[in-house]
Amino acid sequence: MRREAFLLVLPLLFGVGCAATGGEPAGGPAGPGGRAEAFDKRATEVAEAWRPGPDWRTGYVPLQGPTVLPGDPRFTSETEAAFRAGWYRAQIPIPSADVGDGEIRFPDGRSTVQLVSAAEAYRQLDQGDPPPCPGRPKQPGLPSPGGPTVEPGPDGWSTSTTQTACLPLTVTGVTLGAVPVRTSRGEAQVPAWLFAVDELATPVARLAVAPTAVAPVPEPTAPAMPLVDGLVAAQDLVAVDGVRLTVRLGVGACDTGITPLVRERPDVVVVGGEVTRASGVCPDVLKFEPVTLTLAAPLGARPVLDAVTGAPLSIAAR
């Protein structure tokens, strides 16, 4: 099943110089052949150091966040901003009754887990109200405070028609269901509270598994060898589709020749990238660049590890 993530990338501007890309290069410059050889060595070290505990194979270790969009929400700029910020308002009572246990269906079996109530899931989902938006009404259909917004134009004053309401997402229903979630044991069907939202074309799902049933992602072991300049880290997974992986690499604003690198083993997949650095002055910006890799075999339940840090990659935040 193809899984798409809807992303809002906001690069950070720090100053002028070279962008950070997951670690401080210490190995000096290297040509494409040298970077490929350095990647192979790092990938081997990362794969051999990967020794997760028993929870990785028998427990519930989610590799994406607890808020999931089961389909295309058909975002506008306003609704995407509200979703990213966690601005919601409930137009219905949210049930607080205990719902008992639920079942996670993994490719290799099933597990019974404790669930949280809809009210607790909504409490986790709702991060408050949007800040005041000057010149915008507090509710749809109402005039802006003080009347219409007017601005001087080339021929005098004119009324603005581009102002829109600054509102949170409106929750109009909630049901208990299940959504696909990438876990350490492959893609699982996980219980979730599905919140119907007026402004979106798909419900917003909040995973219903109680925190006590969630096992942590293992701490990574970074390679001891120095990082060769031009090798960059994989930041997260965007999509998994059989043998095709889309990952985001952390690259500099002026980097060129962005090339994904991958090494497969029967138990793990290690990814990273190489770039050509600019020779002149460049803004110190970390950009997330999506790239697609093709594996020799479907990913299945194999973890995807970053060659720079050794960390397992999670699905990008939605």
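All residue numbers refer to positions in the sequence shown, counting from 1. The shown structure was predicted, so the numbers you read here are calculated from the model rather than taken from an experiment.
A distance-only check finds no donor-acceptor pair linking the side chain of D306 to the backbone of A311 [under 3.5 Å]. Of the possible donor and acceptor atoms, one in the side chain of T259 sits under 3.5 Å from a partner among the backbone N and O of G257. Within the 3.5 Å criterion, the main-chain N or O of T44 finds no donor-acceptor partner in the side chain of R263. Distance alone, capped at 3.5 Å, is enough to place a donor-acceptor pair between the S184 side chain and the W56 backbone.
Salt bridge status for E120 with R123: present, with a side-chain N to carboxylate O gap under 4.0 Å. Ion pairing of E274 with R35 is present here, as a side-chain N (NZ or NE/NH1/NH2) and a carboxylate O approach within less than 4.0 Å. The existence of a salt bridge linking K41 and E45 is excluded, since no basic side-chain nitrogen approaches an acidic carboxylate oxygen closer than 4.0 Å.
Test T79, T170, T76 against E199 for side-chain hydrogen bond (donor to acceptor under 3.5 Å, both in side chains) and you get one pass: T170.
Closest approach of W50 to P218, counting heavy atoms only: CH2-CG, 3.9 Å. Taking both residues in full, the closest heavy atoms of F39 and A307 are given as CE1-CB, 3.4 Å, listed atom of the first, atom of the second, then distance. Across all non-hydrogen atoms, the minimal contact from L194 to P203 is CB-CB, 4.2 Å. Contact detail for A118 and V174: the closest heavy-atom pair is CB-CG2, 4.3 Å. Taking each heavy atom of I104 and P191 in turn, the nearest pair found is CG1-CD, 3.8 Å.
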**OP:** Given side chain to side chain contact (heavy atoms under 4.5 Å, CB included), test V204 with T67 step by step and report yes or no.
**Re:** CA-CA 7 Å; V204 175; T67 302; 3.8 Å; yes

**OP:** Quick one: do R277 and V275 satisfy side chain to side chain contact (heavy atoms under 4.5 Å, CB included)? Show the steps, please.
**Re:** CA-CA 6 Å; R277 302 293 191 193; V275 300; 3.7 Å; yes

**OP:** Report the C-alpha separation of L293 and R244 in whole Å, then their side-chain angles, then the decisive distance to 0.1 Å, and conclude whether the side chain to side chain contact (heavy atoms under 4.5 Å, CB included) test is met.
**Re:** CA-CA 6 Å; L293 306 152; R244 291 169 61 84; over 6 Å; no

Subject >> Intermediate values then yes/no, side chain to side chain contact (heavy atoms under 4.5 Å, CB included), V291 and I258 >> reply: CA-CA 9 Å; V291 294; I258 299 169; 4.2 Å; yes

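Contacts of R51 classified as salt bridge (charged side-chain N to carboxylate O under 4.0 Å, His left out), with partners at least two apart in sequence or in another chain: none. Contacts of R74 classified as salt bridge (charged side-chain N to carboxylate O under 4.0 Å, His left out), with partners at least two apart in sequence or in another chain: none. In this structure, R105 has no salt bridge (charged side-chain N to carboxylate O under 4.0 Å, His left out) partners at least two apart in sequence or on a different chain. Listed by chain and residue number, nothing satisfies the ring pair (Phe, Tyr, Trp, His ring centres under 6.0 Å) test with F106 (two or more places apart in sequence, or in another chain). Remark: E264 engages R302 in a salt bridge (charged side-chain N to carboxylate O under 4.0 Å, His left out) (not counting sequence neighbours).
Within the model, atoms CG of L200 and CG of L169 stand 5.0 Å from one another, a figure rounded to the nearest 0.5 Å. With rounding to the nearest 0.5 Å, the separation of CG in L249 from NZ in K287 is 11.5 Å. For the atom pair L261 CG and R42 CZ, the distance stands at 12.0 Å (nearest 0.5 Å). A distance of 9.5 Å separates CZ in F75 from OG1 in T202, rounded to the nearest 0.5 Å. Rounding to the nearest 0.5 angstrom, the gap separating the OG1 atom in T309 from the CD atom in Q235 is 8.5 Å. Considering CG of D255 and SG of C282, their distance stands at 7.0 Å, rounded to 0.5 Å.
Note on residues 39-112: no pairs pass disulfide (SG to SG under 2.5 Å), not counting sequence neighbours.
Remark: the E103 side chain and the S111 side chain contain no N/O donor-acceptor pair separated by less than 3.5 Å. For the residue pair T292 / T246, a side-chain donor-acceptor distance below 3.5 Å is found, with atom types taken as modelled.
Two residues are said to be in side-chain contact when any heavy atoms from C-beta on lie closer than 4.5 Å; V238 and I315 fail this criterion.
A continuous path of ILVMFWY side-chain contacts below 4.5 Å connects V232 to V262, so both sit in one hydrophobic cluster.
Using the six-membered ring where Trp is involved, F195 and Y122 have ring planes that are tilted, between 30° and 60° apart.
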